[in-house]
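Scroll down for the structure; my scribbles are underneath it.
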There are 2 protein chains.
Amino acid sequence: MEIPSSAPLLDRETKASERPGDHKDELRLWLRMLTCSTLIESEIRTRLREEFKTTLPRFDLMAQLEKSTTGMTVGEVSQRLMVSNGNVTAVVAGLLADGLVDKRPAAQDRRVQVLTLTAQGRRAFRAMAERHEGWIAELFAGLGAAEIGQLFRLLGQTKASLHQAIGKRQNGTPATAGDDE
Amino acid sequence: MEIPSSAPLLDRETKASERPGDHKDELRLWLRMLTCSTLIESEIRTRLREEFKTTLPRFDLMAQLEKSTTGMTVGEVSQRLMVSNGNVTAVVAGLLADGLVDKRPAAQDRRVQVLTLTAQGRRAFRAMAERHEGWIAELFAGLGAAEIGQLFRLLGQTKASLHQAIGKRQNGTPATAGDDE
DNA sequence: CGAAATCATTTTAAGCCTGAAATAATTTTG
DNA sequence: CAAAATTATTTCAGGCTTAAAATGATTTCG
């Protein structure tokens, strides 16, 4: 089984990145990123349930409202959290029932519903947010400050690459709490 | 309201990492990672739906089975995908109905159900997997080979940190396809 | 003005996902 | 050997999520 003389010189012992049409490195990177996200997410879910008897979607939604003094519309929240409008409607329904969120039509435009945290909701969220920040720090404790910075920077490039590839068709930003810009 | 003279000298103009009890950097890192994961995931979901009329959970499950020549049990798949057993049962039900997966009790231990791809399932998966790899490459096209490697390494450290913090209570690895080790 | 287009939200139908309880099979051990 | 413990899976109730259709309100523009 001879290698034809016209074959590229790197049929064996070649770096993956040099194989044309091969994208195994990107795939492995994505799988590893997904593993990390999934591990973090499910750990946070578990702790929110055990310690506060609540869920991540509720926490995320409250986090968005907490950052806004004037309240947010359903559409704004849905863009921020990168979920559908219908989903926001559904999650808000639960928070309304628990008295954590208030919903009322806007004065100027009665199509839009303005969502705000109630006083109770604000209290509840702040207690959770403090613990949440600690949990995240704990999970990343194995990384030094320099590594955290480097990772943050590389993920910034990744985010730019994604927006480039997706073509800005979708917008909206993160979930869970706060922005990352 | 005077600052006591014993106060640390860095009450203002201090790096976040120097503020004791402050973990905003870790939080921002997590939010950025989550943004990236969510963007990739929902783009892949959309394309799987539009191009193959299927869903990510089904694709993920088939990806696991495709890697195993001898088949996998429900429990193995659930560990790999980091989802509950009940979830695997439910997703498998759909794949069974579509003739993509086969399920039969193991000969030696009749508690376990062995899952395998059917010939049709294997064909369908391979077509999807090829496209999938291309999509991922496209999404990461803004990163060079060195950056991909660096990111992969840092996420490896992150993964180790997570396992450390979570205490190996849970195990299991990634989702979507293949391993990242 | 008023019809048409646009926009924000809700509803609907279907599927995913979880933790906990139930079921069924195997292994351990007194 | 048989009761008890363990293990694998399924069932269940409840909540999340989506895309698409429906509803209701506002804006555009003929």
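Just so we're on the same page: letters track the sequence lines, and every chain starts at 1. Computed from a predicted structure; not experimentally measured.
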What is the distance, to the nearest angstrom, from the [atom1] atom on [X] to the [atom2] atom on [N]?
X       : N       : atom1 : atom2 : result
M82(A)  : dC16(D) : CE    : C1'   : 16 Å
N85(A)  : dA22(D) : CG    : C1'   : 14 Å
D60(A)  : dG15(D) : CG    : P     : 18 Å
L95(A)  : dC16(D) : CG    : C1'   : 13 Å
L115(B) : dT10(D) : CG    : C1'   : 13 Å

When you measure from the side-chain N and O atoms of [X] to the phosphate of [N], is any distance below 4.0 Å, counting only OP1 and OP2?
X      : N       : result
R49(B) : dT18(D) : no
T55(A) : dC16(D) : yes
R58(A) : dC16(D) : yes
N87(A) : dT18(D) : yes

Basic-acidic side-chain contact under 4.0 Å: E130(B), R126(B):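 Judged by the 4.0 Å cut-off on N to carboxylate O distance, E130(B) and R126(B) do not form a salt bridge.
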Of E43(A), E51(A), E50(A), the residue whose pairing with R47(A) passes side chain to side chain donor-acceptor pair (under 3.5 Å):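 Exactly one option meets the side chain to side chain donor-acceptor pair (under 3.5 Å) with R47(A), and it is E43(A).
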Per A90(A) side chain, nearest of listed nucleotides dT17(D), dG15(D), dT9(D):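 For the A90(A) side chain, the nearest candidate turns out to be dT17(D).
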Just distance, no hydrogens or angles: give the donor-acceptor pairs under 3.5 Å from side chains in residues 87-96 of chain B, sequence neighbours left out.
residue : atom : partner : partner atom : Å
T89(B)  : OG1  : N85(B)  : O            : 3.3

Nearest-0.5 Å distance that lies between atom CG in L29(A) and atom CD1 in I136(B):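 The CG atom of L29(A) sits 9.5 Å away from the CD1 atom of I136(B).
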Between CG on residue L151(A) and CD on residue Q150(B), distance to nearest 0.5 Å: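 Reported value, rounded in 0.5 Å steps: 9.5 Å.
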Comparing R45(A) and E76(B) on DNA chain D - which has the more 5′ nearest nucleotide: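 Looking at the nearest nucleotide for each, E76(B) comes out on the 5' side.
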Most 5' of R110(B) and V88(A) on DNA chain C, judged by nearest nucleotide: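 Upstream on the strand: V88(A).
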Along DNA chain C, first and last positions that approach a heavy atom of chain A under 4.0 Å: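 For DNA chain C, the relevant span reads dC7(C) to dG19(C).
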Sugar-phosphate, base or nothing in reach of D109(A), heavy atoms under 4.0 Å: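 If one applies the 4.0 Å heavy-atom cut-off, D109(A) turns out to touch the sugar-phosphate alone, with no base involved.
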Sugar-phosphate only, base, or nothing, as touched by G75(A) at under 4.0 Å among non-hydrogen atoms: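 Sugar-phosphate, backbone atoms only, no base.
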N/O donor-acceptor pair, side chain R111(A) with base dT26(D), under 3.5 angstrom: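 No.
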Donor-acceptor contact present, side-chain E76(B) to main-chain T73(B), <3.5 Å: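 A pair under 3.5 Å: yes.
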Atom CZ of R110(A) with >12 non-hydrogen neighbours under 6.0 angstrom: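 No.
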